[in-house]
Structures are given as structure tokens and as C-alpha cells.
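Each ligand, and each atom within it, is numbered from 1 in the order the structure gives.
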Amino acid sequence: MPHHTHDGIDWSTRLHAMRRYGSLQSEALSAVARRLVGLLPDSPVVMDVGCGAGAMSVPLVSALREHGGGVLVLVDATPELLDAACAAARAEADGAVSVKPVLADLATEDPLSFAGPVELVWGSRVIHHLPDQLRGVKRLVEALAPGGWLALAEGGLETRFLPWDLGVGEPGLADRMAAARAEWFVSMRENMTGSVRLPVGWNVALADAGLGEISAFSFLVDHPAPAKHLVREWAVDRLTWLSEITSSRLHAADRAALRRLLNPSDSEYVGAREDVFLLETDTVHLGRRR
Ligand SMILES: C[S@@+](CC[C@H](N)C(=O)[O-])C[C@H]1O[C@@H](n2cnc3c(N)ncnc32)[C@H](O)[C@@H]1O
């Protein structure tokens with residue numbers, strides 16, 4: 001399968017999982033979209049960069065509709081995801097909001113050429129997939145109109161979804177996977193051609209990119225146990241992905257536990273457990289072009 005990004009990840013295979021994840025985030029993201037669009041003038045142009053399957057694209061369309069209308073530009077390097085985001089956003093839009101998809105690599109292409117100056121750029125979990133993150137942020141800043149806002153969702157707390165003692169293998173599997181995932185993240189960044197470290201926090205990066213009025217807020221996605229079926233399906237997606245990226249770093253006993261948790265015929269199958277949940281906290285870093 002072709003890879004369209006710099007991170008060695010085939011994002012197209014993640015479409016269904018990203019859609020499920022997006023529906024679980026939609027209530028929280030709708031509040032974030034209303035908060036951000038509320039900062040904007042009438043008929044704004046908004047850009048969702050690295051839009052994925054459209055988790056935030058749909059809430060942004062709804063918020064723009066409530067705001068009286070505007071333009072939403074969707075940017076992603078993975079055609080399958082961009083198509084899905086565009087279809088979902090257009091299904092939510094009416095005559096007042098127009099949706100424009102752009103297939104582009106944020107590491108090399110100039111975002112200004114996609115749309116002209118924009119009043120809000122939203123980028124969730126995409127900048128850390130670019131080889132030079134500060135350069136990527138600076139490109140986005142250049143796309144802003146004077147007074148326009150950049151909102152980056154990056155970082156937060158480790159997403160929790162499993163009990164500490166699963167009754168399969170040794171207690172603490174989720175914490176060992178979190179440590180292994182952090183190691184995977186380091187190697188994902190190091191293995192990108194042209195990878196440059198960003199040795200500061202996001203507030204400093206936004207200031208270094210020339211923004212003012214810098215602030216941050218965090219939001220919660222909370223689906224406690226016993227959770228609806230979609231949360232259990234998401235838990236299978238999440239554990240499958242964690243298993244793919246961490247299993248070479250885990251002890252054999254943890255790998256055996258993962259095989260049981262991911263086997264639909266096993267009594268411990270994570271997709272049938274009543275004790276899985278989703279607790280996630282994400283941080284949005286905000287800055288304004290002077
Ligand atoms: C972790 S997903 C985030 C998706 C979405 N923003 C969300 O929060 O659900 C990363 C997204 O960034 C896209 N992406 C990664 N590198 C990119 C690049 N260089 N240019 C444009 N999009 C990129 C991927 O295709 C994927 O859709």
C-alpha cells in the first residue's frame with residue numbers, strides 16, 4: 001500500500017477506526033468547534049489540516065452554520081481519509097457552508113495556496129507527523145489572515161480504557177503498553193527523513209512561529225463503563241493498534257495476554273468486556289497572528 005506521509009504509517013488502513021473514534025469524540029469536539037468559531041468574524045474561512053476521517057470537520061461545519069456560514073477547507077495527504085472527511089462534512093453542510101477538499105503534503109506545500117488567508121487553522125495530532133514541526137507551524141501561521149487564529153490539538157494525558165488488573169497476564173498491561181508506545185513514538189520521529197527535534201513546549205513553538213495571545217485549554221472525552229457497544233469496538237481498534245506498535249517491545253507474557261484480549265472467541269475478548277471505557281484528555285494550543 002502506498003504511504004502518503006513522512007511517518008511510515010499507512011493511514012488509509014485506519015479509516016474505519018478513525019471514524020469510530022471520531023463519533024466518540026464528537027460531543028467534546030462540537031463544544032471545542034463552537035468555542036473556536038465564536039472567536040471569528042462573519043463568513044470566515046477555516047482550515048482543518050490533517051483532517052483524517054473528519055472527526056473535527058463535521059463539528060466545524062455545524063459551528064460555522066450556527067455562526068451564519070463560511071468556508072471549510074479540508075487538507076490531508078491521504079486520499080481515502082480526505083474523501084471520507086469531505087463526504088461527512090458535506091452531509092452536514094447546507095447552503096451556508098461550503099467545503100473544499102485539498103490533497104496536499106503539509107511538510108512541502110504552501111497552505112496559503114490552498115485557500116488564501118484564513119481566519120482559523122485547526123490541526124489535531126498532525127504536526128507531530130511532520131519531519132520539521134516548527135517549520136510546519138510557521139507555514140500554517142503564514143496562511144493566517146492578520147488577527148487569525150491557529151489552534152493545535154497536541155498532547156494531553158495518556159488515553160485510558162482498560163482496568164489495571166485484567167485477569168489475563170500480569171496487572172499493569174496498559175501502563176507497560178503506554179511506556180512501549182512512548183518508545184515507538186520516539187523511533188517514529190527519529191526514522192523520518194529530515195526529522196528535526198522540537199525541543200520546547202507548544203506554547204513556546206507558537207511564540208517562535210510569530211504568534212501572540214497564546215493560551216491553551218484541555219477537553220475531556222469521557223465514556224465510563226459500562227460503555228456502549230461503540231466504545232468496545234473502539235477498544236478493539238485501540239488495542240489492535242497498540243499491539244501492532246508495541247508488541248516487539250513487550251515481554252512474551254504480555255504478548256500472550258494481548259492475543260487473548262484480541263481473540264473474538266476468547267472469554268477475555270476486549271470487545272465483549274463490560275469493564276472497558278474511554279477516558280481521554282486533549283490539549284488545544286491557541287495563538288493569534290498579530
Ligand atoms: C493522527 S491522524 C489525526 C486525524 C485528525 N486530525 C484527528 O485528530 O482525528 C493524522 C492525520 O494527518 C495526516 N497527515 C500525516 N502527515 C501529513 C502530511 N505530511 N500532510 C498532510 N497530512 C498529513 C494523516 O493522513 C492523518 O489523516
Side-chain angles (χ1 to χ4, degrees), residues 1-30 32-33 36 46-61 72-89 101-111 113-115 120-140 143 150-156 159 181 184-185 188-189 191-196 202 218-219 221 234 237-238 241-242 244-245 278 280-285:
M1 288 292 279
H3 290 196
H4 305 281
T5 53
H6 300 259
D7 47 20
I9 299 171
D10 182 358
W11 287 102
S12 65
T13 62
R14 304 197 38 77
L15 170 61
H16 298 294
M18 286 168 83
R19 267 205 188 119
R20 276 193 277 272
Y21 200 179
S23 16
L24 293 171
Q25 293 172 308
S26 72
E27 193 182 328
L29 288 177
S30 295
V32 174
L36 295 175
V46 173
M47 205 185 265
D48 181 358
V49 294
C51 60
M56 185 56 151
S57 316
V58 174
L60 283 171
V61 167
L72 179 63
V73 182
L74 304 179
V75 183
D76 205 283
T78 306
E80 296 83 352
L81 296 181
L82 185 66
D83 288 350
C86 186
V102 179
L103 185 65
D105 176 359
L106 290 166
T108 58
E109 285 160 79
D110 174 9
S113 66
F114 308 156
L120 169 66
V121 174
W122 164 264
S124 168
R125 305 170 184 189
V126 61
I127 294 295
H128 66 249
H129 291 284
L130 305 183
D132 186 337
Q133 299 173 90
L134 183 57
R135 190 154 171 238
V137 175
K138 285 180 174 167
R139 280 178 194 279
L140 297 180
L150 175 65
L152 296 182
E154 290 283 352
T159 298
R181 188 189 72 83
W184 165 84
F185 185 80
M188 187 270 288
R189 288 233 32 100
N191 290 334
M192 272 187 228
T193 306
S195 179
V196 175
W202 291 101
S218 297
F219 64 91
V221 179
W234 168 85
D237 295 336
R238 176 85 182 178
W241 174 69
L242 282 171
E244 282 164 15
I245 62 170
L278 166 55
E280 171 187 329
T281 306
D282 294 294
T283 302
V284 178
H285 305 273

Under 3.5 Å: N/O of Val49 near N/O of ligand 1: no

For Ala104, the ligand 1 atoms with a heavy-atom partner under 4.0 Å come out as 20 (N), 21 (C)

Is the backbone of Ala53 close enough, under 3.5 Å, to the side chain of Ser57 for a donor and an acceptor to pair up by distance? no

Counting from 1, what ligand 1 atoms have a heavy atom of Val126 closer than 4.0 Å? 12 (O), 14 (N), 23 (C)

Shortest non-hydrogen contact from Thr283 to Gly156? OG1-CA, 3.7 Å

Taking only heavy atoms of Arg125 into account, list the atoms of ligand 1 that are under 4.0 Å away from them. 1 (C), 10 (C)

Heteroatom distance test (Asp76, ligand 1): nitrogen or oxygen, under 3.5 angstrom: yes

N/O of Asp105 under 3.5 Å from N/O of ligand 1, yes or no? yes

Under 3.5 Å between any N/O of Leu81 and any N/O of ligand 1: does that happen in this structure? no

Assess whether a salt bridge exists between Arg14 and Glu244, defined as any Lys/Arg side-chain N lying under 4.0 Å from an Asp/Glu carboxylate O. no

Heavy-atom contacts under 4.0 Å between Cys51 and ligand 1: side chain, backbone, both, or neither? backbone

If you measure every N or O of Ser124 against every N or O of ligand 1, does any of those distances drop under 3.5 Å? yes

Enumerated ligand 1 atoms positioned under 4.0 Å from heavy atoms of Leu106: 18 (C), 19 (N), 20 (N), 21 (C)

With a cut-off of 4.0 Å, which atoms of ligand 1 are near a heavy atom of His6? 19 (N)

Derivation of the side-chain contact (heavy atoms from CB on, under 4.5 Å) call for Met56 and Gln25: CA-CA 9 Å; Met56 185 56 151; Gln25 293 172 308; over 6 Å; no

Minimum side-chain heavy-atom gap His128-Gln133 below 4.5 Å: yes

Evaluate the side-chain proximity of Val196 to Leu134: yes if any heavy-atom separation is below 4.5 Å, no if none is. no

Pair His16, Asp237: side-chain N/O donor-acceptor within cut-off below 3.5 Å: no

Considering only heavy atoms of Thr5, which atoms of ligand 1 have at least one such atom less than 4.0 Å away? 14 (N), 15 (C), 16 (N), 17 (C), 23 (C)

What pair of heavy atoms forms the shortest contact from Glu154 to Ile127, and how long is it? OE2-N, 3.2 Å

Which of the numbered atoms in ligand 1 are below 4.0 angstrom from a heavy atom of Leu130? 18 (C), 19 (N)

Tell me whether ligand 1 is touched by Gly22 - counting only heavy atoms on the residue side and a distance under 4.0 Å. no

Measure the distance from atom 4 (C) of ligand 1 to every protein heavy atom, then report the residue, atom name and distance (to 0.1 Å) of the closest one. Gly50 O, 3.4 Å

Within the 4.5 Å heavy-atom criterion, are Asp282 and Arg125 side-chain neighbours or not? yes

So with a 6.0 Å cut-off around CZ of Arg189, is the heavy-atom count from everything else above 12? yes

